[in-house]
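I have placed the structure first, in the form of structure tokens, so that the comments after it can refer back to it.
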Amino acid sequence: MTESRAFPRFPAGFVFGAATASYQIEGAAREDGRGPSIWDTYSHTPGLVANGDTGDIACDHYHRYPEDVTLLRELGVDSYRFSIAWPRIVPDGSGPVNPKGLDFYARLVDELLAAGIEPAATLYHWDLPQALEDRGGWRVRETAERFAEYTAVVAGHLADRVPRWITLNEPWCSAFLGYSVGRHAPGAREGRGALAAAHHLLVGHGRAVEALRAAGVREAGITLNLDRNLPATGSAADRAAVVRADTQHNLVWTEPLLAGRYPHTEEETWGELITGQDFRRDGDLALIGQPLDFLGINYYRPIVVADAPHREPDPALRTATDNRYAEVRLAGARHTAMDWPVVPDSFTDLLVALKERYGDALPPIHITENGSAEHDEVSPDGAVHDRDRVAYLRGHLTALKAALDAGVDVRGYYVWSLLDNFEWAFGYGKRFGIVRVDYDTQRRTPKDSYHWYRAMIAAQRD
Ligand code: IFM
């Protein structure tokens, strides 16, 4: 599967990569001194994850990383984005550092460098040490301080070999899926607790950037899952619903990070939940809004929203994601195995709109995740002919190129994901990999999308 039809062409030096995350692939959950994380607790709580799946073994990447680096090398990527498991480094969240945890990432980094692949490390992809959650988790400011300490330890060991660092992955998920919707660890359903978590994640990001700068890293950034929110109709009510959805998903992050302010639409979005809050301090905006070398964006789909009443009538019981809008299914679009609509143009629109809003304050962008879960089947020939994923990748890379042509400064693209893996509350049932993982044998099988992506990268160099 090497047809070169319609490969988009990117500028010289554009970075092509693949991404994964620690809890989703590593396994070895109780090995070499790793402490428990909130995802161990969550996944081991009956009924929370589909099929009772956990990350205990996952893709066994902890032991099989040389084979996975070989897959990356043969793919021809410039860079590999992985995440570091905080509970491997500081098992109790504070206090003693675990040298075996540091050793694992040093070995992985050395293996990547030997294969000619630039490591890109994410410091927090949701596996908070359980001990910190027991002391309040992201609801409390102390967690941001512990995050800065952990960052200093890791960067102190790896800054000389890892050029690109991402503080947080998708803080929206940490704050709102974790502390409001309850579909991610730690599984809370709160109002002000979730808003405090959002703020403390940003404070933690700022403190981590300081630690990364002190360690002399080449590039520091953050990854956001920004949403393209579209109104269900042209009505004023639906357009106002889009403003609330944008505030909750996007502006809560981009305004402090890129414009040095809190969203001016936060009161209409959160009402009493946000007024008189006491978690913000003088100086926080300057800390959060430090210049970044890049902004990471994870993009998968647009979201269609319509005006709706609060789900919870009693304001005292309301969660932070109860913002008077409802998601509507997008008619006419193909939907992936996640039931997400496939609309590549909205990827271009999101990036162009971001540039229009923030202008020169927008740092260079790396697309740190993009990909699709599909209903993969192993053919009698042993291959996985994942045509829908190939079409998704082709469409989104073409849409990305359109954003570059429109003047958006995008420097890199990482496919999600190298491997099929633990898709959080969906368990192993949803497969995002361009490499199939047979969870019984741990056998890796590159899918057609892997071969397509490899040919696309190779074509850039012709
Ligand atoms: O698997 C996740 C990843 O951990 C974060 N971004 C979205 C992916 C697909 O849901």
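The analysis underlying the following values was restricted to heavy atoms, covering all of them including side chains, and did not include hydrogens, waters or symmetry mates. Remember, it's 1-based here, ligands and their atoms both numbered in the order they're listed.
- Backbone and side-chain nitrogen or oxygen atoms of Gln24 are examined, and one is located within less than 3.5 angstrom of a nitrogen or oxygen of ligand 1.
- Note: no N/O pair closer than 3.5 Å links Asn421 and ligand 1 by distance alone.
- For Arg183, the CZ atom counts as loosely surrounded, since its 6.0 Å shell holds 12 or fewer non-hydrogen atoms of other residues, nucleotides or ligands.
- Heavy atoms of Phe426 found under 4.0 angstrom from ligand 1: none, in either backbone or side chain.
- The nearest pair of heavy atoms linking Thr122 to Leu168 is CG2-C, 4.4 Å.
- In terms of protein heavy-atom proximity, atom 1 (O) of ligand 1 is nearest to Glu423 OE1, 2.6 Å.
- Within 6.0 Å of the CZ atom in Arg387, the count of heavy atoms belonging to other residues, nucleotides or ligands does not exceed 12.
- Contact between His125 and ligand 1 is present, with at least one heavy atom of the residue lying under 4.0 Å from the ligand.
- The shortest N or O to N or O distance between Trp416 and ligand 1 is under 3.5 Å.
- Trp126 and Cys173 make their closest contact through CZ2-CB, 3.5 Å (heavy atoms, listed as atom of the first residue, atom of the second, distance).
- More than 12 heavy atoms of other residues, nucleotides or ligands sit less than 6.0 Å from atom NE2 of His249.
- Among protein heavy atoms, the minimum distance from atom 5 (C) of ligand 1 is reached at Glu369 OE1, 3.2 Å.
- Every atom of ligand 1 with a heavy atom of Trp340 under 4.0 Å away is listed here by number and element: 10 (O).
- Checking Trp126, Tyr299, Tyr300, Tyr23 against atom 8 (C) of ligand 1, the nearest heavy atom belongs to Tyr300.
- For the residue pair Ser83/His125, the side-chain donor-acceptor check at 3.5 Å is not satisfied.
- Note on ligand 1: Phe422 sits outside its first shell, no heavy atom being nearer than 4.0 Å.
- When the shell of 6.0 Å around CG of Leu230 is examined, it contains more than 12 heavy atoms from other residues, nucleotides or ligands.
- Between the CZ atom of Arg443 and the OH atom of Tyr439 there is a distance of 15.0 Å, given to the nearest 0.5 Å.
- Those atoms of ligand 1 that come under 4.0 Å of a heavy atom in Glu170, given as number and element, are 5 (C), 6 (N), 7 (C).
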